[in-house]
Amino acid sequence: MRHLVIIPTYNERENIEALIRALLDLPLPLEVVVVDDHSPDGTGELVSAMAARDPRIHGIHRPAKLGLGTAYVTGFRFGLARNYARILTMDADFSHDPAHVPALIERSEEADLVIGSRYIPGGEVVDSPWYRRLLSRGANTFARTLLGLTPRDVTAGFRCYRPQVLEAIAPETIRAEGYAFLIEITYRVQRAGFRIAEVPIRFKDRRYGRSKVSRREIGRALWTVLRLSADRLRAL
């Protein structure tokens with residue numbers, strides 16, 4: 001019953017070692033794969049050095065900054081090929097607390113996709129600027145309304161998947177890039193009839209480094225929701 005945590009990275013050297021150690025210190029049969037997009041700060045090299053000392057750590061080194069969505073797909077392929085019981089995703093910057101991982105895995109006993117949610121009772125956002133909170137709330141409300149999604153936090157990257165879900169929805173065919181990928185995969189999971197659950201998390205702004213959410217990412221998310229909304233209307 002091994003579980004895999006996928007961590008996409010780009011310039012996360014300040015965070016990644018402590019995050020991996022926190023995950024592997026949990027009383028769970030966890031392994032970690034870091035999908036690094038040729039970070040100039042040496043994140044990939046640090047992960048390789050850690051992997052050489054601990055077989056539970058794996059590194060995938062990509063030749064350039066290829067984006068969050070394709071990093072997830074690369075990690076999914078790695079996990080599916082090695083028959084992990086659960087496949088999780090999380091950010092590298094400590095905005096997702098490793099202490100919530102056991103709750104995600106436990107809830108996956110009764111759900112096919114479990115989302116670590118900021119926006120259900122018990123969830124919260126701390127140390128994040130007001131405009132970031134407003135943007136996140138607005139994006140979630142927009143996506144949920146147009147796509148009829150039931151989860152409260154559809155843009156969250158802290159997740160636990162049953163492998164059968166990923167095999168069924170073929171993430172490699174998802175068109176969305178960046179954080180919009182998370183909206184589209186949630187849409188596909190719900191449309192396919194899988195069970196989605198949420199557990200509350202405490203989301204904290206990144207410990208070190210700068211946020212990678214850009215205007216381009218926001219535009220991608222807007223376009224993705226509109227495209228999927230048109231698809232939903234055609235299916236009615």
Side-chain angles (χ1 to χ4, degrees), residues 2-26 28-82 84 86-101 104 116 126-129 132 155-161 171-172 174 176-182 201-218 220:
R2 297 173 307 148
H3 311 304
L4 179 70
V5 181
I6 301 168
I7 308 174
T9 57
Y10 184 77
N11 286 347
E12 295 289 357
R13 186 182 181 93
E14 294 175 299
N15 296 304
I16 194 62
E17 184 170 9
L19 178 64
I20 291 174
R21 291 301 171 208
L23 286 166
L24 296 182
D25 283 344
L26 293 170
L28 294 167
L30 290 180
E31 296 186 17
V32 174
V33 61
V34 175
V35 183
D36 184 68
D37 274 3
H38 199 63
S39 296
D41 71 349
T43 300
E45 289 81 356
L46 175 58
V47 172
S48 291
M50 296 179 70
R53 299 189 299 267
D54 191 329
R56 297 173 297 173
I57 302 171
H58 312 276
I60 297 176
H61 307 283
R62 305 203 298 173
K65 192 174 182 182
L66 301 177
L68 184 64
T70 59
Y72 283 138
V73 171
T74 298
F76 292 153
R77 287 173 177 161
F78 180 92
L80 292 173
R82 289 160 179 79
Y84 291 94
R86 298 289 185 271
I87 297 176
L88 298 93
T89 61
M90 67 186 301
D91 291 347
D93 58 10
F94 275 98
S95 57
H96 299 150
D97 189 340
H100 294 301
V101 167
L104 268 72
V126 296
D127 296 338
S128 183
R132 288 278 305 277
T155 62
F158 199 8
R159 301 181 172 205
C160 179
Y161 298 87
E172 66 276 6
I174 288 178
E177 295 287 341
Y179 289 93
F181 180 93
L182 296 165
I201 65 165
R202 185 174 188 264
F203 181 93
K204 189 174 183 180
D205 204 19
R206 65 167 38 249
R207 180 179 292 184
Y208 299 109
R210 299 178 61 183
S211 170
K212 300 178 180 67
V213 179
S214 64
R215 291 180 181 177
R216 186 179 181 187
E217 291 282 354
I218 297 168
R220 283 173 173 171

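In this text the structure is predicted, and so the values were computed from the model without any measurement. Values below: every heavy atom of this structure, side chains too, minus hydrogens, waters and symmetry copies.
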[atom2] on [Y] to [atom1] on [X], rounded to 0.5 Å:
X: Met90; Y: Leu19; atom1: CE; atom2: CG; value: 5.0 Å
X: Leu68; Y: Asp91; atom1: CG; atom2: CG; value: 7.5 Å
X: Phe203; Y: His100; atom1: CZ; atom2: NE2; value: 11.0 Å
X: Ile6; Y: Leu88; atom1: CD1; atom2: CG; value: 8.5 Å
X: Thr9; Y: Arg62; atom1: OG1; atom2: CZ; value: 9.5 Å
X: Ile87; Y: Arg77; atom1: CD1; atom2: CZ; value: 13.0 Å

Check [X] against [Y] and note the closest heavy-atom contact, atom names and distance.
X: Gly116; Y: Ala156; value: O-CB, 3.5 Å
X: Leu4; Y: Gly79; value: CD2-CA, 3.6 Å
X: Ser128; Y: Arg132; value: OG-CB, 3.5 Å
X: His61; Y: Ser48; value: NE2-OG, 2.8 Å
X: Thr155; Y: Leu182; value: O-CD1, 3.3 Å
X: Tyr84; Y: His3; value: CD2-C, 3.8 Å

Could you check whether any side-chain N or O of [X] sits under 3.5 Å from a backbone N or O of [Y], counting only pairs where one atom can act as donor and the other as acceptor?
X: Asn11; Y: Asp41; answer: yes
X: Ser39; Y: Gly44; answer: no
X: Arg86; Y: Leu104; answer: no

Close side-chain approach of [X] and [Y], heavy atoms under 4.5 Å:
X: Glu177; Y: Thr70; result: yes
X: Leu30; Y: Val32; result: no
X: Phe76; Y: Thr89; result: yes
X: Pro171; Y: Phe181; result: yes

Stepwise side chain to side chain contact (heavy atoms under 4.5 Å, CB included) test for Glu12 and Asp93: CA-CA 7 Å; Glu12 295 289 357; Asp93 58 10; 4.2 Å; yes
Residue pair Glu31, Asp54: steps toward the side chain to side chain contact (heavy atoms under 4.5 Å, CB included) verdict: CA-CA 10 Å; Glu31 296 186 17; Asp54 191 329; over 6 Å; no
Identified side-chain contact (heavy atoms from CB on, under 4.5 Å) counterpart of Val47 within the set Val33, Asp36, Val34: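 Running side-chain contact (heavy atoms from CB on, under 4.5 Å) over Val33, Asp36, Val34 with Val47 returns exactly one hit, Val34.
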Trace of the side chain to side chain contact (heavy atoms under 4.5 Å, CB included) decision for Thr74 with Leu66: CA-CA 11 Å; Thr74 298; Leu66 301 177; over 6 Å; no
Ring-face cation of Arg159 near Tyr161 (centre distance under 6.0 Å, axis angle within 45°):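 Checked: cation-pi criterion not met.
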Stepwise side chain to side chain contact (heavy atoms under 4.5 Å, CB included) test for Arg202 and Asp97: CA-CA 7 Å; Arg202 185 174 188 264; Asp97 189 340; over 6 Å; no
